[in-house]
**Q** 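Let me begin by handing over the structure; questions about it come next.
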4 protein chains.
Amino acid sequence: MNVHSFVCKFVFIRLIMDKKQAILKSVLRLVKRDGFYHLNMKKIAEEAGIAAGTIYLYFKGKEDVINALYKMIVTDFNQKVLDGYIESRSVKENFHEMLNNAIQFYLKERDYFSFIEQYTYAPFLFKENQDENFMLLLPIYKMMKEGKKQKVIKNLPDAILLSLIHGSMNTILKLHLAHKTDLNKKGIKQRFYDACWEAIAIAS
Amino acid sequence: MNVHSFVCKFVFIRLIMDKKQAILKSVLRLVKRDGFYHLNMKKIAEEAGIAAGTIYLYFKGKEDVINALYKMIVTDFNQKVLDGYIESRSVKENFHEMLNNAIQFYLKERDYFSFIEQYTYAPFLFKENQDENFMLLLPIYKMMKEGKKQKVIKNLPDAILLSLIHGSMNTILKLHLAHKTDLNKKGIKQRFYDACWEAIAIAS
Amino acid sequence: MNVHSFVCKFVFIRLIMDKKQAILKSVLRLVKRDGFYHLNMKKIAEEAGIAAGTIYLYFKGKEDVINALYKMIVTDFNQKVLDGYIESRSVKENFHEMLNNAIQFYLKERDYFSFIEQYTYAPFLFKENQDENFMLLLPIYKMMKEGKKQKVIKNLPDAILLSLIHGSMNTILKLHLAHKTDLNKKGIKQRFYDACWEAIAIAS
Amino acid sequence: MNVHSFVCKFVFIRLIMDKKQAILKSVLRLVKRDGFYHLNMKKIAEEAGIAAGTIYLYFKGKEDVINALYKMIVTDFNQKVLDGYIESRSVKENFHEMLNNAIQFYLKERDYFSFIEQYTYAPFLFKENQDENFMLLLPIYKMMKEGKKQKVIKNLPDAILLSLIHGSMNTILKLHLAHKTDLNKKGIKQRFYDACWEAIAIAS
DNA sequence: GATGAATGAGTTTTCATTCAT
DNA sequence: TATGAATGAAAACTCATTCAT
């Protein structure tokens with residue numbers, strides 16, 4: 001492979017990725033705006049500024065688009081959230097960091113949250129692997145385990161701890177997006193993190 | 001009105017109600033089984049044991065069916081859950097009672113939960129009134145207010161308290177339905193209730 | 001089942017059959033006129049005077065329509081042609097009768113021939129069962145066997161006899177439909193039958 | 001024109017021809033394998049190891065490819081079959097030779113037969129000239145005429161003679177390709193040729 | 001010449017809704 | 001009321017052809 005063909009290949013891959021990304025981003029916006037129910041290939045194409053047929057060059061069909069988007073978000077999420085995990089830090093610090101990362105992630109990428117919520121609760125729709133639903137929770141599991149070992153987190157069943165953390169995060173985000181609260185208001189996030197930590201931590 | 005016409009009218013109304021209910025129950029089962037995405041009028045009719053056209057005698061159309069079902073569930077839920085609220089009891093007792101009622105409600109009517117989840121995250125789909133989404137939370141709001149007044153519940157913003165209660169309940173139910181935990185196993189529910197209460201209560 | 005419901009059911013079945021038949025007849029006409037390649041569901045619907053969606057009430061899809069039509073023709077053909085077979089008659093008489101029946105069948109139902117020809121030579125198109133292609137030849141096989149037993153037909157391999165009979169019939173029909181000959185002209189059919197018989201018969 | 005440009009032109013033409021041939025051969029293989037119905041430009045390109053757009057450098061479009069292939073086969077066929085015709089030989093010998101040539105031609109180029117059959121029965125598809133369908137029959141016509149003149153072939157209408165020869169040849173090839181007989185088995189071809197000759201010849 | 005991504009018209013198929021019975 | 005066949009608009013998907021590179 002000479003330099004020229006290498007450059008060509010690189011440009012080629014970039015363009016491909018850009019179009020794939022453009023399609024996925026369109027879906028994201030549309031699902032947020034109109035919901036899964038009103039999603040259709042024509043709209044996706046329009047939103048992405050391409051022809052309907054073009055989608056089929058990059059995806060097998062509608063389900064494939066949806067599943068690819070889900071995978072992209074999960075990958076992105078886990079990467080961004082796990083970024084905050086540093087072995088040497090205390091569990092509490094890691095907890096704060098990860099919860100903050102997760103919240104920031106969804107606040108920044110508002111459409112992600114809306115998509116994930118709708119994807120998660122659509123049984124048998126587009127789901128290749130039902131268990132993937134819980135992939136998003138992996139970082140939290142890891143942190144919980146360590147906390148229990150160090151006896152800073154209550155010795156409750158994982159499901160209960162998970163509910164207190166993930167569930168409350170989910171709901172506060174929903175309330176934020178529905179303008180029932182404002183996570184960007186000074187102090188709110190911190191109070192939420194503290195309340196969550198108190199919920200699962202052994203009082204010192 | 002003679003006795004005969006009275007009886008006729010009574011029977012007539014009963015039949016109407018039965019068929020309406022049959023349709024709604026069909027939707028419930030189908031949404032649980034196949035998800036919103038695969039729901040269609042023919043399936044609803046088949047599941048209800050009637051003809052497709054018959055649905056239109058009782059509902060304006062598909063959206064009307066969905067919305068009617070949502071309202072039915074909300075009404076049912078609020079009634080069953082508020083049933084547990086007794087003014088004279090302590091906030092803690094009322095909290096336990098209501099959380100238990102809510103959990104029992106969804107455990108008994110498993111399809112309700114699945115439907116509510118999917119309905120909630122389908123923006124602008126079938127939604128006449130976006131605020132209705134929060135109708136389910138009314139009993140909780142009432143209890144929180146009283147608890148704060150009596151200084152047994154932390155003086156946190158409603159959104160945070162709500163998240164800790166409603167969000168964690170939601171998630172534990174999801175985990176239960178996905179067989180990641182078993183709320184029917186002895187002690188689990190109680191531990192969950194206690195953990196929730198600790199999360200929001202002022203330590204005594 | 002009372003008389004009324006019996007009548008209803010009868011009428012019901014008749015209507016169904018009529019529409020199914022109407023669709024198949026449309027396909028027949030279109031395949032003759034425009035060929036398989038230009039066949040599409042919209043045209044079929046138009047030709048049958050119904051909406052496109054209606055076809056899907058009677059058939060699973062395009063392939064199902066085509067295969068159903070093939071089966072209909074084969075059934076019809078075998079019935080009409082075998083009608084001419086009478087055990088007590090001589091092999092020669094039976095041969096004449098069946099060849100005549102086959103030719104008359106296709107002359108009467110010109111579209112059948114065109115369809116069968118196109119269906120037969122479209123490998124893997126719509127074919128559920130490749131061997132069905134030879135179902136049409138069953139009556140001929142039967143006659144050949146008897147003729148060989150009675151030593152009035154040459155002791156040639158079945159494939160050769162079949163070719164002389166079926167192949168030449170096919171070709172003369174094609175020539176007729178392409179106006180290269182006219183089977184309706186007096187004496188032509190008889191001369192063809194005799195030539196065929198001479199081709200396979202032991203000279204007496 | 002200097003030597004260099006001559007060589008260049010020669011190479012150029014060769015490449016052109018090679019690619020054209022490669023495309024036609026691809027179509028041949030695909031039509032045999034999947035049938036006309038499943039033929040598409042992308043498949044043709046893939047099978048030929050070129051890009052889809054390249055086909056349009058050599059042909060006007062899909063129909064042009066198909067028609068060009070048909071013409072190629074007809075030309076090839078007539079050349080190979082007429083090769084066997086020698087004025088000085090007897091009609092019988094010429095008949096044997098030509099029938100043998102035709103059979104050998106199709107046995108060697110199995111895909112040709114499949115293509116021709118499907119092309120022939122696709123009315124108005126790709127057909128510039130309906131009469132071309134009978135181009136393949138020219139060598140036979142010639143032989144028949146001579147045979148009738150010499151009174152070695154029955155004085156039957158051309159259509160009948162043609163049917164007995166061409167039709168039976170067609171069918172035996174079909175049976176061979178469908179594995180209902182085996183023309184490569186010793187003696188079968190010879191028995192077939194003899195049976196055909198007996199069918200059209202005046203018994204001596 | 002060669003490519004193959006992009007197009008968009010055309011195709012198959014689905015499905016909410018209507019309406020004659 | 002109840003039916004379910006029929007509709008037709010809209011959806012998903014295909015593919016011959018074009019064109020910038």
Side-chain angles (χ1 to χ4, degrees), chain A residues 8 11-12 15-16 18-20 37-46 48-65, chain B residues 11-12 15-16 19 37-46 48-66, chain C residues 8 11-12 15-16 18-20 37-46 48-65, chain D residues 11-12 15-16 19 37-46 48-66:
Chain A
C8 278
V11 169
F12 171 76
L15 287 170
I16 290 285
D18 285 352
K19 196 140 293 183
K20 253 193 156 174
Y37 188 81
H38 295 112
L39 188 69
N40 69 50
M41 299 304 264
K42 213 179 170 215
K43 273 191 189 173
I44 296 173
E46 267 167 24
I50 57 172
T54 306
I55 300 171
Y56 294 88
L57 294 176
Y58 300 97
F59 300 97
K60 269 180 242 152
K62 198 178 174 183
E63 302 213 355
D64 193 32
V65 177
Chain B
V11 169
F12 173 76
L15 287 170
I16 291 283
K19 202 146 286 186
Y37 187 81
H38 296 114
L39 188 70
N40 69 49
M41 298 303 263
K42 213 180 170 208
K43 272 191 190 172
I44 296 173
E46 265 168 24
I50 57 172
T54 307
I55 299 171
Y56 291 84
L57 296 175
Y58 300 97
F59 300 96
K60 270 180 243 154
K62 197 179 175 183
E63 302 210 357
D64 191 33
V65 177
I66 305 290
Chain C
C8 279
V11 169
F12 171 76
L15 286 170
I16 291 283
D18 284 352
K19 196 141 292 184
K20 254 193 156 173
Y37 188 81
H38 295 113
L39 188 69
N40 69 49
M41 300 303 265
K42 215 179 169 215
K43 272 192 189 173
I44 296 173
E46 267 167 24
I50 57 174
T54 307
I55 301 171
Y56 293 86
L57 295 177
Y58 300 97
F59 300 97
K60 269 180 241 151
K62 199 178 172 182
E63 302 212 355
D64 193 33
V65 177
Chain D
V11 169
F12 173 76
L15 287 169
I16 293 281
K19 203 147 283 186
Y37 187 80
H38 295 114
L39 188 70
N40 68 50
M41 298 303 264
K42 215 181 169 206
K43 272 192 190 172
I44 296 172
E46 264 168 26
I50 57 172
T54 307
I55 300 171
Y56 292 83
L57 297 175
Y58 300 96
F59 299 97
K60 270 181 243 153
K62 198 179 175 184
E63 302 210 356
D64 191 32
V65 176
I66 304 291

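Residue numbering restarts at 1 for every chain, and letters A, B, ... go by the order of the sequence lines.
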**Q** Write down the distance between CD (C:Glu46) and P (E:dT11), rounded to a whole number of angstrom.
**A** 11 Å

**Q** Between E:dT14 atom P and B:Lys43 atom NZ, what is the distance in whole Å?
**A** 12 Å

**Q** Reading DNA chain E from 5' onward, which residue's closest nucleotide shows up sooner: A:Leu57 or D:Gly49?
**A** D:Gly49

**Q** Is D:Lys19 positioned over the aromatic face of D:Tyr58, cation under 6.0 angstrom from the ring centre and no more than 45 degrees off axis?
**A** no

**Q** Nearest 0.5 angstrom please: A:Ile44 CD1 to A:Thr54 OG1, how far?
**A** 12.5 Å

**Q** Could you tell me the separation between the CG atom of A:Asp64 and the C1' atom of F:dA12, rounded to a whole number of Å?
**A** 14 Å

**Q** Enter the distance from B:Ile66:CD1 to B:Glu63:CD here, rounded to the nearest 0.5 Å.
**A** 8.5 Å

**Q** When we call it a touch if two heavy atoms are under 4.0 Å apart, what does D:Ile50 touch: a base, just sugar-phosphate, or nothing?
**A** sugar-phosphate

**Q** To the nearest Å, how far apart are A:Ile55 CD1 and E:dG8 C1'?
**A** 13 Å

**Q** Which base, if any, makes a Watson-Crick or G-U wobble pair with F:dC13, both distances under 3.5 Å?
**A** E:dG10

**Q** What distance do D:Met41 atom CE and D:Tyr56 atom OH have between them, rounded to the nearest 0.5 Å?
**A** 3.5 Å

**Q** Which sits closer to the 5' end of DNA chain F, A:Thr54 or B:Ala51, going by the nucleotide each is nearest to?
**A** B:Ala51

**Q** Partner lookup for E:dA20, please. Criteria are Watson-Crick or G-U wobble with both distances under 3.5 angstrom; report none if nothing qualifies.
**A** F:dT3

**Q** Output the distance between atom CG (A:Leu39) and atom OH (B:Tyr37), rounded to the nearest 0.5 Å.
**A** 8.0 Å

**Q** For nucleotides 16-21 of chain E, read 5' to 3', which letter fits each nucleotide if B means a protein heavy atom sits under 4.0 Å from the base, S means only the sugar-phosphate is that close, and - means neither?
**A** SBB---

**Q** Atom CG in D:Asp64, atom CD1 in D:Ile55: separation rounded to 0.5 Å?
**A** 11.5 Å

**Q** Give the rounded distance in Å between these two atoms: CD1 of A:Ile44 and P of F:dA11.
**A** 12 Å

